[in-house]
Amino acid sequence: MPIIELKDVRKSFRTPQGLPVAAVDGISLAVERGETLGIIGESGSGKSTLGRLILRLIEADSGTILLEGEDIRALSKAQLRNRRRRWQIVFQEPFASLNPRLTIRQIVEEPLIVAKTYGSKAERLRRVIDTLKEVGLSPDFLNRRPANLSGGQQQRVGIARCLVTDPTLVVLDEPTSSLDLTIRASVLQMLARLQLARRLTYVFVSHDIETVRHFCSHVAVMHRGRFVETGTTDDVLSRPQQPYTQALMAAAMPPIPYVPEEREALA
Ligand code: ADP
Ligand code: MG
């Protein structure tokens, strides 16, 4: 059973002039446990809208969305609240997504309090400390506030907050786009390590093809609310069939040339 399955999902918005915009225009997809589906496309192609629809952070106009086999469009508000701990999201702007008035401890503990099933105060604190450790932050961070952290540390807190309730599926909406290149690589490595350790299923929204190439098992190329090409990362990015994918790749920054040492020696 796929962890995520969408059938013909649609969502349109209206422009300030009242014109309809089909942000997500009939998307179907399936993601199996432990896979990472990368969604690439230009700005405005509908990637974030799709990510939010998958978790029902916004309501779809039509279509079916099954998470772990459950039809989430049919869940009541209370049922949905109860499932949230298993289906999480990490946003692009860590600082904007963290409440600046709360301490790191309060931020990471909050989902445990909302879920009501994580025991005593002492047990919750233990869980917060363990999760911070998993994302590379020591207990020294517990009483600090987001403004006193670097961008990379803030995003680690955002990831800890999402992992603390032990999710099965995580939507990552450009989680490293706002970070410096060196920090970006270490956060991506951490996400990959956590995925293996916890058998997480990821949907990874990005406009950066090289990041997707390294990080994702499967790719969907999105253009004006539709998927123009889908498949394994190798198929889509090494042998793109669609002119749109080819143009997107040609427009991207060229990858840094890399020649393995042995081959260099043979040449
Ligand atoms: P991406 O993440 O690929 O940049 P988005 O999903 O954010 O794209 O946006 C897709 C389209 O939907 C864009 O035309 C955007 O302007 C529009 N859109 C997204 N959210 C809203 C909203 N809340 N209200 C009106 N239009 C929206
Ligand atoms: Mg977006």
Side-chain angles (χ1 to χ4, degrees), residues 4 6-29 31 36-65 67 72-73 80 87-98 151 154-155 158-159 161-162 169-180 184 187-188 191 201-213 215-216 218-231 233 236-237 240 242-253:
I4 310 171
L6 269 63
K7 291 175 198 154
D8 201 20
V9 172
R10 289 166 200 272
K11 175 72 181 180
S12 62
F13 295 109
R14 290 200 174 271
T15 66
Q17 294 76 34
L19 298 169
V21 180
V24 168
D25 194 15
I27 293 283
S28 301
L29 61 84
V31 188
T36 298
L37 173 66
I39 299 178
I40 55 174
E42 294 164 277
S43 176
S45 55
K47 306 181 298 297
S48 293
T49 303
L50 178 59
R52 284 163 173 74
L53 286 170
I54 289 173
L55 300 178
R56 203 174 145 189
L57 296 174
I58 51 176
E59 299 288 342
D61 297 333
S62 64
T64 308
I65 303 170
L67 300 187
I72 68 153
R73 294 192 62 213
L80 194 60
W87 307 332
Q88 294 280 2
I89 187 162
V90 174
F91 294 103
Q92 176 173 358
E93 292 293 342
F95 189 65
S97 70
L98 303 177
Q154 288 167 356
Q155 194 57 301
I159 293 165
R161 177 180 59 182
C162 130
L169 129 71
V170 183
V171 173
L172 302 155
D173 190 351
E174 312 233 18
T176 57
S177 304
S178 68
L179 305 177
D180 292 342
R184 195 177 294 185
V187 170
L188 284 171
L191 286 168
T201 306
Y202 284 157
V203 173
F204 185 83
V205 169
S206 179
H207 61 260
D208 179 33
I209 290 172
E210 288 314 308
T211 301
V212 167
R213 191 195 296 280
F215 194 72
C216 301
H218 295 73
V219 178
V221 181
M222 198 162 179
H223 179 50
R224 294 191 183 158
R226 299 188 179 189
F227 283 172
V228 295
E229 187 158 4
T230 59
T233 302
V236 174
L237 297 184
Q242 296 299 318
Y244 181 77
T245 311
Q246 290 162 358
L248 194 67
M249 293 185 70
M253 295 267 287

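Start at 1 and go down the list; that is how both ligands and their atoms are numbered. This is a predicted model, so every value here is computed, not measured. Values below: every heavy atom of this structure, side chains too, minus hydrogens, waters and symmetry copies.
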Legend entry - Is_contact(atom 22 (C) of ligand 1), protein non-hydrogen, under 4.0 Å: yes
Legend entry - Protein residue, atom and distance nearest to atom 12 (O) of ligand 1, heavy-atom basis: Ala23 CB, 3.4 Å
Legend entry - Under 3.5 Å: donor-acceptor pair, side chain of Gln246, backbone of Pro240: yes
Inset, instruction - Write out the residue and atom name of the closest protein heavy atom to atom 4 (O) of ligand 1, then the distance separating them to 0.1 Å. - result: Gly44 N, 2.7 Å
Inset, instruction - First locate atom CD of Gln155, then atom CD of Glu93, and finally report the distance between them rounded to the nearest 0.5 Å. - result: 9.0 Å
Inset, instruction - Could you tell me which atoms of ligand 1, counted from 1 in the order shown, lie closer than 4.0 angstrom to a heavy atom of Val21? - result: 14 (O)
Legend entry - For atom 17 (C) of ligand 1, the protein heavy atom that lies nearest, with its residue and separation: Phe13 CD1, 3.9 Å
Please list, one pair per line, the donor and acceptor atoms closer than 3.5 Å that link side chains of residues 38-46 to other protein atoms, with sequence neighbours excluded.
from	atom 1	to	atom 2	distance (Å)
Glu42	OE1	Tyr244	OH	2.4
Ser45	OG	Glu42	O	2.7

Inset, instruction - To the nearest 0.5 Å, tell me how far Thr64 OG1 sits from Arg73 CZ. - result: 7.5 Å
Legend entry - For Cys216 against Thr233, the heavy-atom pair lying closest together: O-OG1, 2.5 Å
Inset, instruction - Write out the residue and atom name of the closest protein heavy atom to atom 3 (O) of ligand 1, then the distance separating them to 0.1 Å. - result: Lys47 NZ, 2.8 Å
Inset, instruction - Would you indicate whether the side-chain heavy atoms of Phe204 and Leu188 approach each other to under 4.5 Å? - result: yes
Legend entry - Region of Glu42 that comes within reach of ligand 1 [heavy atoms, distance under 4.0 Å]: backbone
Inset, instruction - Give the total of protein N/O/S atoms at a distance below 2.8 Å from the Mg ion (ligand 2). - result: 1
Check residues 16-29 and write down every donor-acceptor pair under 3.5 Å in which the side-chain atom is one partner and the other belongs to a residue at least two apart or another chain.
from	atom 1	to	atom 2	distance (Å)
Gln17	OE1	Thr15	OG1	3.4
Asp25	OD1	Arg10	NH1	3.1
Asp25	OD2	Arg226	NE	3.0
Asp25	OD2	Arg226	NH2	2.9
Ser28	OG	Asp8	N	2.9

Legend entry - Any N or O of Arg14 closer than 3.5 Å to N or O of ligand 1: no
Inset, instruction - Quick one: pull up CG in Leu191 and CZ in Phe215 and give me the separation to the nearest 0.5 Å. - result: 4.5 Å
Legend entry - Nearest protein heavy atom with distance in Å, relative to atom 7 (O) of ligand 1: Ser48 CB, 3.9 Å
Legend entry - Per-atom contacts of ligand 1 with Thr49, taking only distances under 4.0 Å to non-hydrogen atoms: 5 (P), 6 (O), 9 (O), 19 (C)
Inset, instruction - Mind checking the OG1-CZ spacing from Thr211 to Arg184? Nearest 0.5 Å is all I need. - result: 6.0 Å
Legend entry - Approximate separation, where rounding is to 0.5 Å, of Ile4 CD1 and Leu169 CG: 4.5 Å
Legend entry - Closest approach of any protein heavy atom to atom 8 (O) of ligand 1, naming residue and atom: Gly46 N, 3.2 Å
Legend entry - Under the side chain to side chain donor-acceptor pair (under 3.5 Å) test, residues paired with Glu174 that sit two or more places apart: Ser177, His207
Legend entry - Inter-residue atom distance Phe13.CZ - Lys11.NZ, 0.5 Å rounding: 5.5 Å
Legend entry - Heavy atom of Gly41, distance to ligand 1 below 4.0 Å: no
Inset, instruction - Go through ligand 1 atom by atom and flag the ones less than 4.0 Å from a non-hydrogen atom of Ser43. - result: 4 (O)
